[in-house]
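Numbers for residues simply follow the sequence, beginning at 1. Both counts, for ligands and for their atoms, begin at 1 and track the order of listing.
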Amino acid sequence: MEELVNRIKEDGRILGDGVLKVDSFVTHQVDPVLMEAIGYRFAEVFANAGITKVVTIEASGIAPALFAAKKLNVPMIFARKAKSLTMDEELLTSSVYSFTKQVTSQISISRKFLSSDDKVLIIDDFLANGQAAKGLIELCQQAGADVDGIGIVIEKSFQDGRALLEEMGMRVVSLARIASLQNGAVEFLEGDA
Ligand code: 5GP
């Protein structure tokens with residue numbers, strides 16, 4: 001997606017350890033116009049898949065997932081990282097190791113929001129080692145829901161996430177694919193959409 005790639009070139013900052021900082025438009029301050037375009041692109045790609053729910057993980061997946069859900073005319077559910085006092089229902093839970101924070105956390109969704117009738121599109125901001133997406137797939141599987149695809153805003157293709165998800169039989173659609181963050185430069189592969 002050209003707009004996204006251009007924005008990463010302009011405003012992305014490379015941190016050590018293969019981390020890309022995009023806090024001026026995705027992960028802290030959010031550009032609603034770009035997020036809408038991203039969400040709508042995912043909706044276009046999965047328009048004929050019969051999606052009934054868009055599932056993401058708090059916090060930075062919410063903006064693109066919400067716009068995709070709006071365009072697909074289905075609800076968006078975000079998995080929560082901290083158990084809220086108001087989540088008193090039965091929960092679907094899985095553990096996710098965070099690449100950036102280097103801690104394992106439990107993520108959960110109330111069982112009442114996903115069922116075996118659902119066809120799910122999972123959306124997340126980054127794909128690195130695939131642990132966040134895998135955790136979300138597990139939550140969907142616990143509910144008996146089908147996962148039809150995974151929409152990623154920024155894939156770091158030099159890490160193993162895509163291979164892990166494809167081995168699980170998942171269709172991965174990444175709008176920006178980064179080949180390398182070495183030597184202070186962002187090198188891109190051709191994106192999927
Ligand atoms: P994974 O579970 O695929 O290893 O990592 C995905 C999660 O880690 C994303 O939800 C995102 O929050 C975070 N993440 C991974 N790599 C990066 C990165 O380079 N930059 C930022 N900002 N977040 C990242």
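The heavy atom nearest to atom 22 (N) of ligand 1, considering only Leu136, Leu20, Val22, Asp160, is found in Leu20.
Asn129 N, 2.7 Å is the protein heavy atom nearest to atom 4 (O) of ligand 1. In this structure, the protein non-hydrogen atom closest to atom 8 (O) of ligand 1 is Thr100 OG1, 4.2 Å. Remark: minimum distance from atom 9 (C) of ligand 1 to any protein heavy atom is reached at Asp125 OD1, 3.5 Å. The nearest heavy-atom contact from the protein to atom 21 (C) of ligand 1 is Phe126 CE1, 3.3 Å.
If you take CZ on Arg177 and CZ on Phe188, they are separated by 12.5 Å, rounding to the nearest 0.5 Å.
Because its NZ or CZ atom is both nearer than 6.0 Å to the ring centre of Phe46 and within 45° of the ring axis, Arg171 counts as a cation-pi partner of that residue.
The backbone N or O of Gly135 lies less than 3.5 Å from a partner atom in the side chain of Ser94, making a donor-acceptor pair.
At a 4.0 Å heavy-atom cut-off, ligand 1 touches Lys156 through the side chain alone.
Look at Asp146 and Lys119 and you find no salt bridge, because none of the NZ, NE, NH1 or NH2 atoms lies under 4.0 Å from a carboxylate O.
For the pair Leu165 and Leu127, the minimum side-chain heavy-atom distance is below 4.5 Å. Val96 is not listed as a side-chain neighbour of Thr104, based on a closest heavy-atom distance of 4.5 Å or more. Side-chain contact check for Met170 versus Ile137: some heavy-atom pair is nearer than 4.5 Å.
In summary, the side chains of Glu155 and Ser174 do present a donor paired with an acceptor at a separation below 3.5 Å, with no hydrogens or angles considered.
Below 4.0 Å from some heavy atom of Ala132 lie the following atoms of ligand 1, by number and element: 2 (O). Within ligand 1, counting atoms from 1 as listed, the ones closer than 4.0 Å to a heavy atom of Gly130 are 1 (P), 2 (O), 3 (O), 4 (O). Interface atoms of ligand 1 facing Ala128, defined by a heavy-atom separation under 4.0 Å, are 1 (P), 3 (O), 4 (O), 5 (O), 15 (C), 16 (N).
At a 3.5 angstrom cut-off on N or O pairs, Lys21 does not count as close to ligand 1. Residue contacts with ligand 1: Asp124 is placed with a nitrogen or oxygen under 3.5 Å of a nitrogen or oxygen of the ligand (distance criterion only). Distances between N or O atoms of Val19 and those of ligand 1 include no value under 3.5 Å.
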